[in-house]
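If you're wondering where the values come from, they're calculated on a predicted model, not measured in any experiment.
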Amino acid sequence: MEHEHHYRWPHKDLLDVTQLSRQEIFHLLDLAANFQEINQRPVKKVPTLKGKSIVLFFAEASTRTKTSFDVAGKRLSADTFSLAKTGSSLAKGESLKDTALTLQAMNPDVIVIRHSSSGAAQFLAERLRCGVVNGGDGWHAHPTQALLDCYSLRQVWGEEFAGRTLLILGDIAHSRVARSNVHLLTSLGVKIRLCSPRTLLPAGLDSWPVEVCGDLKSAVRGVDAVMCLRLQLERQQAGLLPSLAEYATRFCLTPRLMELAKPGAKILHPGPMNRGLEISSALADAPESLVLDQVAAGVATRMAVLYLLATRKDGGTQ
């Protein structure tokens, strides 16, 4: 693998994109591009992390992120072990601290954690010697999702992030994906617009480096890309939306709306999609859609993250 041999990854953990410098972001994305090439081979496996062990500790339900990390670890020849809340002592009332100590005793090289409590990943990282990857904590952060989104956009934008405009559309208040993307992409010079019902906008938005639009037509006009967020259906049950039909009428991204964006503007979605609610089926499957590119980018990006954390102490090819 063609890396700069003098480059040493400085971080034990990946908890939030805010800890990464511009140089570190692009180093990680370059590494992911190398791993993407491996993923396109007939035999999609290299011995890079043979002998390393990775624990996937998902105390919150996940299919895509967990599978992506599992595939990423296996393609690097690491041993991966899955632990869900229903299959762990957490379900019996064990504290996260005790779980951390138990995991530490297994002596893994990296732990990937997803948890419903914001700060859970940092809590583990402060108590474990091994690397910790935040696979999503509460509404706080989802760093690898933002990195794979950035990777997907880099494939079409190249290095030209500065001056681009991205619209993030949907439930911003409850979205760790939105928060991580705002942090990461604004650090690269991307202008971010947000569009959402007022009831789904977060508190403290005045301090965010974003433009907020209440009208979808205004929000989508002239943008280079739109990222739709999944609307969790329990938001209506909580009284945050009058009806799903009204939400779809006002905030569903459609081909006619995309005509207002820049020619060739791209469409992203972290998945799973509610077709016809937050995005029309025609757009989800359109040539401008990067949704499947994001899935492929997820494996490559997570391979890069696991590699950097698992080999950090080895002084290997970084």
Side-chain angles (χ1 to χ4, degrees), residues 17 60-65 68 114 116 118 135-150 152-153 165-186 190-205 208-216 218-220 223-238 240-241 244 246-254 257-258 261 265-281 283-284 286 288-295 297-298:
V17 292
E60 186 182 58
S62 167
T63 299
R64 288 170 179 248
T65 302
S68 183
R114 170 170 284 197
S116 58
S118 298
D137 62 331
W139 302 338
H140 172 238
H142 197 347
T144 60
Q145 180 68 47
L147 286 164
L148 74 88
D149 293 338
C150 186
S152 301
L153 289 169
T165 303
L166 170 78
L167 167 64
I168 302 180
L169 172 63
D171 183 0
I172 313 293
H174 307 94
S175 177
R176 54 195 172 206
V177 173
R179 285 169 172 79
S180 289
N181 269 292
V182 167
H183 285 306
L184 181 64
L185 294 172
T186 55
V190 178
K191 299 173 184 175
I192 303 289
R193 290 180 190 166
L194 305 179
C195 185
S196 170
R198 285 185 181 277
T199 52
L200 296 181
L201 286 172
L205 200 56
W208 289 33
V210 298
E211 177 188 355
V212 181
C213 301
D215 174 64
L216 185 49
S218 302
V220 79
V223 300
D224 297 278
V226 181
M227 178 182 296
C228 296
L229 301 174
R230 175 173 169 261
L231 181 70
Q232 297 186 8
L233 303 184
E234 57 265 31
R235 301 298 171 232
Q236 186 196 359
Q237 297 164 8
L240 297 176
L241 295 172
L244 297 180
E246 182 175 332
Y247 180 89
T249 300
R250 292 188 58 204
F251 295 100
C252 182
L253 190 66
T254 63
L257 284 165
M258 281 303 294
K266 301 302 180 183
I267 300 151
L268 301 95
H269 195 299
M273 293 182 285
N274 293 308
R275 291 173 181 255
L277 181 57
E278 65 237 3
I279 184 170
S280 74
S281 218
L283 279 187
E288 296 77 23
S289 172
L290 297 181
V291 172
L292 294 181
D293 301 77
Q294 289 172 274
V295 176

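Judged by distance alone, with hydrogens and angles left aside, the side-chain atoms of T186 form no donor-acceptor pair with the main-chain N or O of V190 at under 3.5 Å. For the pair T65 (side chain) and G135 (backbone), a donor-acceptor distance under 3.5 Å is absent. Listed for the S281 side chain is no donor-acceptor partner under 3.5 Å among the backbone atoms of R275. At distances below 3.5 Å, not a single donor-acceptor pair connects side-chain atoms of T165 with backbone N or O atoms of V223. At distances below 3.5 Å, not a single donor-acceptor pair connects side-chain atoms of S280 with backbone N or O atoms of G276. No donor-acceptor distance shorter than 3.5 angstrom exists from the side chain of R64 to the backbone of G271, with no hydrogens or angles considered.
By the neighbour-count criterion of 12 heavy atoms within 6.0 Å, atom CG of L205 is densely surrounded, having more than that number from other residues, nucleotides or ligands.
With contacts defined as side-chain heavy-atom distances shorter than 4.5 Å, the pair W208/P202 qualifies. With a 4.5 Å cut-off on side-chain heavy atoms, E60 and R114 count as touching. Contact of the L185 side chain with the C150 side chain is registered, since non-hydrogen atoms from C-beta on lie closer than 4.5 Å. In this structure, the side chains of V182 and P209 come closer than 4.5 Å at one or more pairs of heavy atoms.
Residues V226 and L166 come closest through the heavy atom pair N-CD1, 4.1 Å. Closest approach of P270 and C228 over heavy atoms only: CD-O, 3.1 Å. Heavy-atom minimum distance, L268 versus L153: CD1-CD2, 3.8 Å. The minimum heavy-atom distance between L244 and L241, with the atom names listed, is CD2-CD1, 4.4 Å. Here the shortest heavy-atom pairing between P272 and H269 reads O-CE1, 3.5 Å. Across all their heavy atoms, F251 and L169 have their closest contact at O-CD2, 3.5 Å.
The one candidate from D215, L201, L167 that meets the side-chain contact (heavy atoms from CB on, under 4.5 Å) condition with C195 is L167.
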Original post:
Checking side chain to side chain donor-acceptor pair (under 3.5 Å) for the pair R179/H142: CA distance, chi angles, key distance, verdict?
Top reply: CA-CA 8 Å; R179 285 169 172 79; H142 197 347; over 6 Å; no
**OP:** Go through the steps for K266 and E288 under the test salt bridge (charged side-chain N to carboxylate O under 4.0 Å, His left out), then give the verdict.
**Re:** CA-CA 5 Å; K266 301 302 180 183; E288 296 77 23; over 6 Å; no
**OP:** Walk me through it: do V291 and M273 pass the test side chain to side chain contact (heavy atoms under 4.5 Å, CB included)?
**Re:** CA-CA 10 Å; V291 172; M273 293 182 285; 4.1 Å; yes
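Separation of atoms OG (S68) and CG (L148) is listed at 7.5 Å; rounding is to 0.5 Å. With values rounded to the nearest 0.5 angstrom, W139 atom CH2 is found 13.5 Å from I172 atom CD1. Of the inter-residue distances, the one linking D224 atom CG with K191 atom NZ reads 9.5 Å to the nearest 0.5 angstrom. Note that CG of L253 and CD1 of I279 are 5.5 Å apart. Values are rounded to the nearest 0.5 Å. Summarising the geometry, atom CZ belonging to R230 is positioned 6.0 Å from atom CG belonging to N274; distances are rounded to the nearest 0.5 Å. Atom OG of S196 and atom CG of D171 lie 6.0 Å apart (nearest 0.5 Å).
Considering only residues two or more places apart in sequence or on other chains, E246 meets the salt bridge (Lys or Arg N to Asp or Glu O under 4.0 Å) condition with none of them. Take D149 and apply the side chain to side chain donor-acceptor pair (under 3.5 Å) test, not counting sequence neighbours, and it matches Q145, N181, Q294.
A salt bridge is absent between E278 and R250: the closest approach of a Lys/Arg side-chain nitrogen to an acidic carboxylate oxygen does not fall below 4.0 angstrom.
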